[in-house]
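Structure first, commentary second.
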Amino acid sequence: MSDFVGTGTLVRLALRRDRVLIPVWIVVFVITAAGSAQASIDLYPDVQSRIEAARTSNASPALVSLYGRIFDETSLGELSLFKLTAFGAVLVALLAAMLVVRHTRTEEEAGRLELLSAGVVGRYAALAAALIVSSGTVVLIGMLSALALIGVGLPASGSLAFGLLWASAGLSFAGVGALTAQLTEGARTANGFTGIVLGVSYVLRAIGDSSSDGKSEWVSWLSPIGWSQQIRAYAGDRFVVVLVPLAFMAVLVAGAMALIRRRDVGAGLVRPRPGPATAAPSLRSPLALAWRLHRGSLYGWGFAFLLLGLLVGNIASNVDGFVTSDSAREMVEKLGGVNGITDAFLATEMGMVGLLASAFGIQAALRLRSEETALRAEPLLATGVSRTQWVGSHVLMALFGIALLILVAGLGSGISSGASLGNMGRQLPRMLAAAAVQLPAIWLVTGLVVVLFGFAPKLVTGAWVLFGMFLLIGQFGSIFDLPQSVMNLSPYGHTPRLPGGDFSVAPVIWLTAIAAALMGAGIATFRRRDVG
């Protein structure tokens with residue numbers, strides 16, 4: 001029997017399972033690219049305005065570290081999409097890796113792959129199917145994004161290069177996901193290892209791009225994100241660089257296949273460490289267990305949010321130089337919902353921080369479903385732990401984690417913006433308030449996960465679909481002049497735009513009340529349904 005027999009069947013199975021998730025994320029990425037280009041294309045009407053904006057960006061170490069360097073200061077396409085070059089590549093890479101882990105290690109952890117392997121399924125079939133689905137997804141994202149960018153008026157060659165930039169990052173990390181899925185016995189740990197590799201890659205790219213004397217630029221070439229960026233879409237279009245991530249992926253996939261031949265189904269190269277025979281006093285409650293399960297990801301997210309807050313605040317002092325034209329100022333103020341270019345920028349960026357914190361909230365709340373399907377919840381509930389205690393412990397950890405991340409981001413941005421603007425006493429409380437008002441909308445999105453978990457647990461991942469819809473409405477609704485009735489569908493659209501905007505307590509109260517009602521309904525329904 002061939003080691004790849006059954007691959008086609010597993011591909012069809014994976015596509016059926018992700019028949020909603022994959023199309024939604026493809027649409028999100030394509031609309032994000034096209035919307036960003038469309039929003040920016042009229043902001044820099046002449047070459048001089050582009051040069052001024054590009055030089056201001058390149059002169060800011062914080063901007064370069066966060067988004068990357070603008071290689072061609074006269075390029076409208078590069079200036080319009082520079083925020084999505086490195087940062088967008090990270091998101092595509094993360095999607096690619098998680099798809100591979102989802103259809104390999106997650107299937108092994110749940111015991112489904114072992115059942116399938118008892119039939120006519122080859123040793124490499126699951127990995128091959130996961131790579132086909134993941135690679136096909138990111139290539140489709142890249143190609144459709146390129147077509148969309150051509151459609152809004154950007155050059156065809158640069159648009160194709162930008163699509164390949166995103167796709168190549170995804171392919172690199174599809175290979176990373178394939179390898180990490182062989183190392184551990186848990187999908188969450190495999191995703192954690194992937195996140196570490198992704199974080200290191202982003203830092204290496206930032207170090208290379210931020211080199212003021214050019215001596216450290218070579219560090220970017222140590223990073224898969226740096227390789228993608230070196231394609232230089234709209235700034236030379238170096239298509240040959242795509243060969244580097246393709247070779248990287250081939251090496252990692254070959255390594256993953258070698259590991260598959262040397263391990264049992266369900267086992268990993270790194271064996272889990274056995275725990276003590278009795279639990280420590282700190283683990284003798286459902287909340288303590290939930291903290292133990294969530295703390296690792298919370299530490300990683302917390303560090304990332306602190307760094308993000310510091311970078312955003314540091315950029316604030318350079319906004320006036322970056323946004324050079326009246327139309328550009330009007331657009332940023334429109335996105336931020338406030339007057340005053342610096343406050344508008346900070347309000348916009350804090351809205352993005354809120355979206356990222358929502359991703360953590362969804363991930364944390366989804367732990368309920370993963371614990372249930374992995375059959376770890378049922379033995380726990382067979383003890384004196386009630387269903388309300390069990391669900392409530394994970395919900396509380398999600399809410400606490402979100403609040404902590406928002407506080408850390410607000411603190412970091414307040415400190416750095418206060419230092420850069422020379423007014424620490426004023427900026428710190430303003431940025432903490434701007435961060436805090438994001439919480440009700442984020443909690444509401446987390447509440448959607450809880451209510452789906454209670455009413456329709458098999459559809460709980462649909463929370464990601466709703467999140468994608470909210471993201472598109474919130475980020476591009478005002479740009480495309482969507483009807484207010486559509487804008488109101490997004491909870492983020494009701495969040496007060498701080499700093500600088502008008503604060504109204506009514507939407508904060510309503511969002512919080514709806515979030516509480518959703519969570520309460522989800523917990524109450526779970527108490528009345530079968531586990532599993």
Side-chain angles (χ1 to χ4, degrees), residues 3-4 7 10-11 14-15 18 22 25-26 29 85-86 88-106 122-146 160-184 187 190-202 204-205 220-233 238-262 268-269:
D3 285 333
F4 293 95
T7 298
L10 293 183
V11 167
L15 291 175
D18 292 341
I22 288 177
W25 279 111
I26 290 175
F29 278 108
T85 301
V90 167
L91 297 179
V92 176
L94 188 61
L95 174 64
M98 292 182 69
L99 281 175
V100 173
V101 174
R102 171 176 167 80
H103 294 294
T104 53
R105 176 52 62 183
T106 301
R123 189 189 299 267
Y124 300 140
L127 178 61
L131 288 170
I132 290 171
V133 171
S134 177
S135 301
T137 299
V138 298
V139 169
L140 195 57
I141 287 173
M143 295 303 98
L144 292 179
S145 297
L160 179 59
F162 184 85
L164 287 174
L165 183 157
W166 271 8
S168 65
L171 293 174
S172 293
F173 277 87
V176 173
L179 188 63
T180 58
Q182 316 308 318
L183 298 179
T184 72
N191 284 327
F193 283 167
T194 301
I196 292 172
V197 176
L198 190 57
V200 171
S201 298
Y202 201 82
L204 290 175
R205 179 213 57 80
S220 292
W221 287 94
L222 301 178
S223 163
I225 303 300
W227 301 335
S228 299
Q229 188 179 340
Q230 290 300 326
I231 293 175
R232 299 194 179 184
R238 304 195 300 187
F239 294 101
V240 69
V241 178
V242 176
L243 296 176
V244 178
L246 288 177
F248 179 71
M249 178 187 181
V251 171
L252 293 182
V253 170
M257 288 182 171
L259 292 177
I260 288 175
R261 298 196 67 89
R262 288 165 173 78
L269 186 65

Exercise for the section: Return the minimal non-hydrogen interatomic distance between W166 and S145, and the atom names on each side. Expected result: CZ3-OG, 3.6 Å
Practice task
Output the distance between atom CZ (F162) and atom OG1 (T85), rounded to the nearest 0.5 Å.
Solution key: 5.5 Å
Problem - Verdict with supporting geometry, L94 and N191, side chain to side chain contact (heavy atoms under 4.5 Å, CB included) - result: CA-CA 9 Å; L94 188 61; N191 284 327; over 6 Å; no
Exercise for the section: Looking only at non-hydrogen atoms, find the nearest pair between S168 and I231 and report the distance. Expected result: OG-CD1, 3.7 Å
Problem - Chi angles and distances behind the side chain to side chain contact (heavy atoms under 4.5 Å, CB included) call for W25, T137 - result: CA-CA 9 Å; W25 279 111; T137 299; over 6 Å; no
Exercise for the section: Rounded to the nearest 0.5 Å, what's the gap from CG on L15 to CD1 on I132? Could you check? Expected result: 9.5 Å
Handout entry: Point-to-point distance, once rounded to the nearest 0.5 Å, from CZ of R261 to CZ of R123
Key = 4.5 Å
Practice task
Evaluate side chain to side chain contact (heavy atoms under 4.5 Å, CB included) for I22 paired with L95, printing each intermediate quantity in order.
Solution key: CA-CA 9 Å; I22 288 177; L95 174 64; over 6 Å; no
Exercise for the section: To the nearest 0.5 angstrom, please state how far the CG atom of L222 sits from the CH2 atom of W227. Expected result: 8.5 Å
Problem - Inter- and intrachain pairs under salt bridge (charged side-chain N to carboxylate O under 4.0 Å, His left out), touching residues 94-103, at least two apart - result: D18-R102
Problem - The single option from L252, T194, I196 passing side chain to side chain contact (heavy atoms under 4.5 Å, CB included) against T180 - result: T194
Fill in the blank from the handout: Residues at least two apart in sequence or cross-chain that pass side-chain hydrogen bond (donor to acceptor under 3.5 Å, both in side chains) with T104, listed by chain then number, are none
Problem - Check: T7 and Y124 side chains under 4.5 Å, non-hydrogen atoms - result: no
Handout entry: Result of checking L164, V90, L165 against S228 for side chain to side chain contact (heavy atoms under 4.5 Å, CB included)
Key = L165
Problem - With L131, the side chain to side chain contact (heavy atoms under 4.5 Å, CB included) member among V253, L171, V11, L99 - result: V253
Problem - Nearest non-hydrogen partners of P224 and F173, listed with the distance - result: CB-CE1, 3.7 Å
Completion exercise
For L204 and S223, the nearest pair of non-hydrogen atoms, with its separation, is CB-CB, 4.0 Å
Practice task
Determine yes or no for a side-chain-to-main-chain donor-acceptor pair under 3.5 angstrom, with R205 supplying the side chain and G226 the backbone.
Solution key: no
Handout entry: Step-by-step side chain to side chain contact (heavy atoms under 4.5 Å, CB included) determination, L179 to F193
Key = CA-CA 10 Å; L179 188 63; F193 283 167; over 6 Å; no
Exercise for the section: Taking all non-hydrogen atoms of both residues into account, name the closest pair between P245 and S172 and its distance. Expected result: CB-OG, 3.0 Å
Completion exercise
Heavy atoms of A174 and V100 approach each other most closely as O-CG2, 3.8 Å
Completion exercise
So CG of L198 and CD1 of I225: to nearest 0.5 Å the spacing works out to 5.5 Å
Exercise for the section: Give, for atom CD1 of I26 and atom CG of L144, the distance between the pair rounded to the nearest 0.5 Å. Expected result: 6.5 Å
